Peer 1: 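Sharing a structure below in structure tokens format, with a few things to ask.
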Amino acid sequence: MIRTLLVRGLLLGLLAGLVAGAFAFAVGEPRIDDAIALEEAAAAAEPAHGHDDGHAHGHAHDHGAEVSRGMQKFGLFLATGFYGLAIGGMFALAFAALRGRAGPRSDGALALAAAGTAFAALIVVPFLKYPANPPAVGAPETLTSRTLLYLAMVGVGMLAAAAAVTAARRVPGGPWARGLAAVLAFLVPVVAAWLALPGVDEVPDGFPATLLWEFRLASLGTQLVFWTVFGALFGWVCDRAQRPA
């Protein structure tokens, strides 16, 4: 059964990844093009400091080594497809571990609940603290620290989700008591990490707020599309598999 779930997760994850890629291409790529145009205009307006201090000012690029935008857009679908494969496989294994032990008894309802929880823990939690930024936002020298902070919030989201599942299983009482315990178990570590971890604000002065907001919404929307499509398809296929022939 685990093998069946794994193959199901891989195939449906790939499909959901391609759908999310199409959304990102239609909604997110125009925002990236706008941000790149702003970055290039700002770089062209800057005086050449590189000969004075031995290094470029921060936005300089080796244009000879750049990948064309056409290739980047093609690579978008490769990235979202591989992302879907990886997530689909891990989701299937987690689903097999939860099946019959936690959450709704129906496979379809469990798939939707697990997908919603994963979206909240892995995407929304880190996004609210460290939202995605378009090109030209963020200093290159802080890339490593920003990545580590983001991954820390992903880890917090995973721990919070595990705590919520544990609380829902072990707290005595009816559905309302277990639901409240799960919500509190999820929120406590998230809020604590939100307060403890440093903020990151590297948006340059004059960067269009509308463009920044639209890019972040497109980034979050791409993940929402993926998890909605994947959770719905995985749940639907599981429900159909449970029906008697």
Side-chain angles (χ1 to χ4, degrees), residues 1-24 77 79-128 153-190 219-245:
M1 184 61 186
I2 293 180
R3 180 180 178 182
T4 300
L5 289 173
L6 182 59
V7 172
R8 186 180 299 165
L10 291 171
L11 293 177
L12 296 179
L14 174 61
L15 177 58
L18 294 177
V19 173
F23 177 89
F77 288 93
T80 57
F82 281 121
Y83 173 83
L85 280 171
I87 293 296
M90 291 186 290
F91 182 92
L93 296 177
F95 181 87
L98 292 172
R99 195 166 180 252
R101 299 179 180 87
R105 297 302 176 187
S106 163
D107 278 358
L110 176 60
L112 288 174
T117 301
F119 174 72
L122 302 178
I123 307 302
V124 175
V125 166
F127 179 88
L128 291 177
M153 283 303 298
V154 171
V156 169
M158 294 175 64
L159 291 175
V165 171
T166 301
R169 291 181 62 189
R170 296 186 178 180
V171 169
W176 283 102
R178 293 194 298 271
L180 179 59
V183 171
L184 289 176
F186 185 87
L187 289 179
V188 168
V190 169
S219 175
L220 184 62
T222 299
Q223 291 289 346
L224 178 60
V225 167
F226 172 81
W227 284 103
T228 300
V229 171
F230 177 71
L233 286 177
F234 196 92
W236 178 72
V237 172
C238 286
D239 273 347
R240 282 183 60 86
Q242 279 188 314
R243 295 175 186 173

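The structure displayed is predicted, hence computed values, not measured ones.
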Peer 1: Hey, does L224 have a side-chain heavy atom less than 4.5 Å from the side chain of F23?
Peer 2: no
Peer 1: About how many Å separate CG of L11 and CZ of F234, when rounded to the nearest 0.5 Å?
Peer 2: 11.0 Å
Peer 1: If you take all heavy atoms of C238 and R8, which pair is closest and at what distance?
Peer 2: SG-NH1, 3.1 Å
Peer 1: Parallel, tilted or perpendicular: which fits the ring planes of F230 and F226, with parallel below 30° and perpendicular above 60°?
Peer 2: parallel
Peer 1: Looking only at heavy atoms, which two atoms of S106 and D239 are closest? And how far apart?
Peer 2: OG-OD1, 3.5 Å
Peer 1: Which atoms form the tightest heavy-atom contact between A111 and F91, and what is the distance?
Peer 2: O-CZ, 3.6 Å
Peer 1: Just verifying a value: how many Å separate L14 CG and Y83 OH, rounded to the nearest 0.5 Å?
Peer 2: 14.0 Å
Peer 1: Please report the interatomic distance CH2(W236) to CG(D107), rounded to the nearest 0.5 Å.
Peer 2: 14.5 Å
Peer 1: Output the distance between atom CG (L98) and atom CG (L93), rounded to the nearest 0.5 Å.
Peer 2: 11.0 Å
Peer 1: Between L5 and A96, what is the shortest heavy-atom contact and its length?
Peer 2: CD1-CB, 3.8 Å
Peer 1: Can you name the closest pair of heavy atoms from A167 and A185 and give their distance?
Peer 2: CB-CB, 3.9 Å
Peer 1: State which residue, out of L112, I123, T222, T117, fulfils the side-chain contact (heavy atoms from CB on, under 4.5 Å) condition with W227.
Peer 2: I123
Peer 1: So does I2 have more than 12 non-hydrogen atoms from other groups sitting under 6.0 Å from CD1?
Peer 2: no
Peer 1: Using 0.5 Å steps for rounding, measure from the CG atom of L122 to the CD atom of Q223.
Peer 2: 9.0 Å
Peer 1: Hey, what do you get for CG (L10) to CG (L15), rounding to the nearest 0.5 Å?
Peer 2: 13.0 Å
Peer 1: Looking only at non-hydrogen atoms, find the nearest pair between V154 and P126 and report the distance.
Peer 2: CG2-CG, 3.9 Å
